2 protein chains.
Amino acid sequence: MIPDRRQRRRQESIEEILDVALEVMAEQGVAGLSLGEVARRLGVRPPSLYGYFASKHAVYDAEFGRGAQQVQAVVAEVSERVLATATDPGEALEQVATAFIEWAIENPVYSQLLFWRPVPGFEPSPAAYQPAVDLIELSTRMFADMQERGWIRADVPAEEILRDWTILTSGIISQQLANAPTDGFQTGRFTAALPGLVAMFVASYAAATSSPKTNHNSTTGKGPRNADQR
Amino acid sequence: MIPDRRQRRRQESIEEILDVALEVMAEQGVAGLSLGEVARRLGVRPPSLYGYFASKHAVYDAEFGRGAQQVQAVVAEVSERVLATATDPGEALEQVATAFIEWAIENPVYSQLLFWRPVPGFEPSPAAYQPAVDLIELSTRMFADMQERGWIRADVPAEEILRDWTILTSGIISQQLANAPTDGFQTGRFTAALPGLVAMFVASYAAATSSPKTNHNSTTGKGPRNADQR
DNA sequence: GTCTATATGACGATAGAC
DNA sequence: GTCTATCGTCATATAGAC
């Protein structure tokens, strides 16, 4: 018996390797991961790691899966809570965006792995990518929910709203990580733009009936709806 | 005599190396550049390249400088032309954004090098970075010019408007390159969001006097100006 | 001045001993 | 499971031919 003792021990070793690998990536850059350096810090020889991971790409894949799962959990928790308590879309979306971007800035290694493509030749496996798919789906449902509540306009597919939303949020993350990587969420020059950009987004996608002054007849064209109509 | 013949020949060799290095990066990934592979394709031995570049990082630096100079020239040309001919900010900004993003999507290697941080340990030299500084400065001047024309609100520093502008444009570029790197500008799912997002941006930063219906009293808060006022 | 030849040390990865 | 030994490739450096 105790058939899973060995397995649990093995899982612990795997987690330990991934933790150290994350540290190395934080210091040397995501693409600068060296399994030799990981082994050195663990006090073992490089070939020993191959008992747990078939290749360096397998380590990247496991890290990708861990990161995707973490960010999915963070966003799922906050979006669920916010949809239950918030009373207007601006408040709701700012809280979701804050949680998402805060996680991204505080986990820059995961963010680079998830949102950029820094490792030549590495593509996440379907299993590792699944939490990212879940995240997209739950975000789409969140916008569809807001449409049903009359919070945002319903004449645009939720997928399209999500596309613009991800451009905004990932734009903040990318600019912050690329141009001021040492700044935290609180002190970041680009994260500071979050409330304003959320307000911009909400104003643009506000439901026409929610405001006495609609912008349907604006000559400049207010909403992104005309995106595909050129 | 003919003192610069040798020098011109040398410059041609440098350009040739950079061209081939760009090809290799396109195939193997930016961080996957191998000088040995470059030498192989040029029909020389790897050490020969060190007569032209002191290190691999020097090659990255030269590529960074070439890319920054290209994109600066593209944006400078279009923004100058647009400020001379356009009659409203939506039209002007859409043309500038289109030129910028089109260049970025059609030069994904340069874009990754310029806008992400894919190469561990590489930081562009001040000389290579200078065109990027020029680009920021000329973009700031463009927004200041639009403010003086009364096209966009003047109660927000041009630097802050530019910050939000770069978040938008770099968000489109990052999402497109990371999630659909094989798509071109015309067929891209995220580049398709450009006109709508520019309209959103212009509506948010529209000068208060340009529209009969201002949004000063909006309860949701329309403009990004409240960004730093939380 | 630019090349070839050669050397060093680190890397990812595999085979096989214990 | 972890080790030693080993392979091939890489960036990089130096010495010396032409």
Side-chain angles (χ1 to χ4, degrees), chain A residues 2-18 20-25 27-64 113 118-123 125, chain B residues 1-18 20-64 113 118-123 125:
Chain A
I2 326 174
D4 50 344
R5 161 111 77 165
R6 194 168 46 224
Q7 207 161 14
R8 208 190 53 195
R9 183 94 181 80
R10 178 176 171 82
Q11 191 57 37
E12 285 173 8
S13 298
I14 288 175
E15 297 295 333
E16 204 176 353
I17 293 170
L18 292 178
V20 173
L22 207 66
E23 287 177 25
V24 175
M25 284 191 270
E27 296 170 22
Q28 318 278 346
V30 175
L33 173 62
S34 152
L35 293 190
E37 180 60 29
V38 172
R40 206 169 295 127
R41 299 188 185 198
L42 286 170
V44 298
R45 300 288 170 182
S48 303
L49 302 179
Y50 286 82
Y52 301 94
F53 293 98
S55 71
K56 192 162 84 157
H57 276 51
V59 176
Y60 281 125
D61 202 58
E63 299 281 20
F64 189 101
L113 197 56
V119 184
F122 167 65
E123 291 273 344
S125 65
Chain B
M1 16 228 73
I2 328 179
D4 51 344
R5 159 112 77 162
R6 194 167 48 226
Q7 206 161 16
R8 208 191 52 195
R9 183 92 182 81
R10 178 177 172 81
Q11 191 57 38
E12 285 174 6
S13 298
I14 288 177
E15 298 293 333
E16 202 177 354
I17 291 170
L18 291 177
V20 173
L22 207 66
E23 287 177 24
V24 174
M25 286 191 267
E27 297 170 21
Q28 319 276 346
V30 174
L33 173 63
S34 155
L35 293 189
E37 180 63 27
V38 173
R40 205 169 297 127
R41 298 188 185 195
L42 286 171
V44 299
R45 300 288 169 183
S48 302
L49 301 179
Y50 285 82
Y52 303 95
F53 294 97
S55 69
K56 193 162 81 159
H57 276 50
V59 176
Y60 281 124
D61 202 57
E63 298 281 20
F64 190 102
L113 198 57
V119 183
F122 167 66
E123 291 275 344
S125 65

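This is a predicted model, so every value here is computed, not measured. So that the names make sense, note that chain A is the first sequence line, chain B the second, and so on, each numbered from 1.
Taking the side-chain contact (heavy atoms from CB on, under 4.5 Å) definition, one finds that Arg8(B) meets it with Glu12(B), sequence neighbours left out. In this view, Tyr50(A) and Leu35(A) satisfy the side-chain contact (heavy atoms from CB on, under 4.5 Å) rule, not counting sequence neighbours. Partners of Gln11(B) by side-chain hydrogen bond (donor to acceptor under 3.5 Å, both in side chains), not counting sequence neighbours, listed by chain and number: Glu15(B). Checked against side-chain hydrogen bond (donor to acceptor under 3.5 Å, both in side chains), Glu123(B) has the following partners two or more places apart in sequence or in another chain: Arg117(B). Under the rule for a salt bridge (Lys or Arg N to Asp or Glu O under 4.0 Å), Glu16(B) has no partner lying at least two apart in sequence or in another chain.
Screening residues 47-62 of chain A for salt bridge (charged side-chain N to carboxylate O under 4.0 Å, His left out) gives no qualifying pairs among residues at least two apart or on separate chains. Among residues at least two apart or in separate chains, salt bridge (charged side-chain N to carboxylate O under 4.0 Å, His left out) pairs with a member in residues 27-39 of chain B are Glu27(B)-Arg41(B), Glu37(B)-Arg40(B), Glu37(B)-Arg41(B).
For dT2(C), the OP1/OP2 oxygens have no side-chain nitrogen or oxygen of Arg45(B) closer than 4.0 Å.
In this entry the distance linking CD of Gln28(B) with P of dA11(D) reads 11 Å, nearest Å. What separates CZ of Phe53(B) from P of dT12(D) is a distance of 13 Å, to the nearest Å. If you measure from atom CD of Gln11(B) to atom P of dT2(C), you get 12 Å, rounded to the nearest angstrom.
In this structure, of dG1(D), dC3(D), dC10(D), it is dG1(D) that holds the atom nearest to the side chain of Tyr52(A).
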In dot-bracket form, 5' to 3', how is DNA chain C paired? Count Watson-Crick and G-U wobble pairs only if both distances fall under 3.5 Å, and write | where the partner sits on another strand. ||||||||||||||||||

Starting at the 5' end of nucleotides 12-18 of chain C, put B wherever the base has a protein heavy atom under 4.0 Å, S where only the sugar-phosphate does, and a dash everywhere else. SBB----

